[in-house]
Engineer: 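Quick one: the structure is below, questions incoming.
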Amino acid sequence: MTEELTVGRLVNTHGIRGEIKVLSHTDFPEVRFAKDKKLFVIPADGSAKFEVTVESAREHKGMFIVKLKGYTNINEVEKYKGSLLKVPSNDLVDLPENEYYFHQIVGCEVYTDDAGSEPLGTITEILQPGANDVWVVKPAKGQDILIPVINDVVLNVDIEAKRITVHLMEGLLP
């Protein structure tokens, strides 16, 4: 079974004609909620997932109003409030060079540029405090290490090998 990526959460209904309000969890809503796009609904009540097709979508007050094919009134969609909208993980939008999806980075081993170095640890989380992302690296023992995602620090990312090489600038280690 292929892994799925969350692209949104169905937060409410909109009007009486079966439209839903979706809180987007994707950087590509224009792709994910495009006409004829297929999505999986993962119901909040734990019932079986099912596939839906987008009929139309528009942005509205920081959310997306989505109309699904075959759903024509509020009663048909109201029961799905709180449900997740997902796509198969192989349905990725191509990213520019040196940009990666969070799920590709989390779980990678981090090494320093010192010859023969032992791994610093594994990336467990990605923070987005502002100017640049920060990778949280969990070492085998000790406290987490915060690695700023900037060109001077991140030297090489090998997604296939799940290995990242960094240059530790002064003050990065606790």
Side-chain angles (χ1 to χ4, degrees), residues 1-11 20-42 49 51-54 56-66 83-140 143-174:
M1 188 172 125
T2 182
E3 187 182 334
E4 295 163 344
L5 304 173
T6 300
V7 295
R9 177 181 296 279
L10 195 159
V11 293
I20 54 174
K21 285 185 184 178
V22 174
L23 179 61
S24 176
H25 292 296
T26 177
D27 287 336
F28 310 102
E30 69 285 349
V31 173
R32 298 301 180 199
F33 308 128
K35 181 175 175 52
D36 296 325
K37 183 69 177 175
K38 300 217 180 294
L39 301 169
F40 289 109
V41 175
I42 312 299
K49 74 177 179 182
E51 189 176 79
V52 294
T53 304
V54 175
S56 65
R58 65 187 186 279
E59 192 168 2
H60 179 72
K61 297 183 179 178
M63 294 209 187
F64 284 81
I65 306 299
V66 179
S83 299
L84 295 177
L85 297 174
K86 296 192 173 216
V87 295
S89 61
N90 60 3
D91 183 14
L92 295 178
V93 174
D94 290 334
L95 296 176
E97 190 174 335
N98 295 325
E99 288 191 24
Y100 307 94
Y101 285 99
F102 281 20
H103 74 274
Q104 293 174 312
I105 297 297
V106 172
C108 286
E109 289 285 324
V110 178
Y111 292 81
T112 66
D113 55 350
D114 297 333
S117 73
E118 293 292 314
L120 281 178
T122 304
I123 297 175
T124 58
E125 180 179 7
I126 299 174
L127 307 176
Q128 295 183 293
N132 54 272
D133 290 352
V134 176
W135 293 337
V136 178
V137 177
K138 182 78 173 159
Q143 61 187 16
D144 291 349
I145 302 165
L146 302 179
I147 304 289
V149 183
I150 56 176
N151 290 339
D152 290 345
V153 175
V154 178
L155 302 178
N156 185 46
V157 177
D158 185 344
I159 294 300
E160 301 299 315
K162 300 290 277 179
R163 181 184 174 115
I164 295 174
T165 305
V166 298
H167 172 71
L168 290 179
M169 297 169 64
E170 192 172 325
L172 282 182
L173 288 179

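Just so it is clear, the structure is predicted and the values come from calculations on it, not from any experiment.
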Engineer: Hey, does the Lys NZ or Arg CZ of Arg163 hover above the aromatic six-ring of Tyr111, less than 6.0 Å from the centre and inside 45° of the axis?
Structural biologist: yes
Engineer: Does Thr6 use its side chain to pair, donor to acceptor, with the backbone of Gly8 at less than 3.5 Å?
Structural biologist: no
Engineer: So which atom in Val134 and which in Val149 form the shortest heavy-atom distance, rounded to 0.1 Å?
Structural biologist: N-CG2, 4.3 Å
Engineer: Ignoring hydrogens, what is the shortest heavy-atom contact between Thr26 and Phe33? Give both atom names and the distance.
Structural biologist: CG2-CE1, 4.5 Å
Engineer: Are Lys86 and Phe40 in a cation-pi contact, defined as NZ or CZ under 6.0 Å from the six-membered ring centre and within 45° of the axis?
Structural biologist: no
Engineer: Is any side-chain heavy atom of Lys21 closer than 4.5 Å to one of Ile65?
Structural biologist: yes
Engineer: Residues in side chain to side chain donor-acceptor pair (under 3.5 Å) with Lys162, at least two apart?
Structural biologist: none
Engineer: Will you find, in the side chains of Lys138 and Thr122, an N or O donor that is under 3.5 Å from an N or O acceptor?
Structural biologist: no
Engineer: Please output the side-chain donor-acceptor pairs of residues 124-131 that fall under 3.5 Å, not counting sequence neighbours, one pair per line with the distance.
Structural biologist:
| residue | atom | partner | partner atom | Å |
| --- | --- | --- | --- | --- |
| Thr124 | OG1 | Val136 | O | 3.4 |

Engineer: Among Leu84, Val87, Val66, exactly one meets side-chain contact (heavy atoms from CB on, under 4.5 Å) together with Leu39. Which residue is that?
Structural biologist: Val87
Engineer: Leu10 pairs by side-chain contact (heavy atoms from CB on, under 4.5 Å) with which of Val41, Ile20, Ile42?
Structural biologist: Ile20
Engineer: Can you list every salt bridge (charged side-chain N to carboxylate O under 4.0 Å, His left out) pair that touches residues 91-111, not counting sequence neighbours?
Structural biologist: Arg32-Asp91, Lys37-Asp91
Engineer: Taking all non-hydrogen atoms of both residues, which atom of Val11 and which atom of Met63 are closest, and how far apart?
Structural biologist: CG2-SD, 3.5 Å
Engineer: Show the nearest heavy-atom pair for residues Pro148 and Asn132, with the distance to one decimal.
Structural biologist: CB-ND2, 3.7 Å
Engineer: Quick one: do Ile123 and Val110 satisfy side chain to side chain contact (heavy atoms under 4.5 Å, CB included)? Show the steps, please.
Structural biologist: CA-CA 7 Å; Ile123 297 175; Val110 178; 3.5 Å; yes
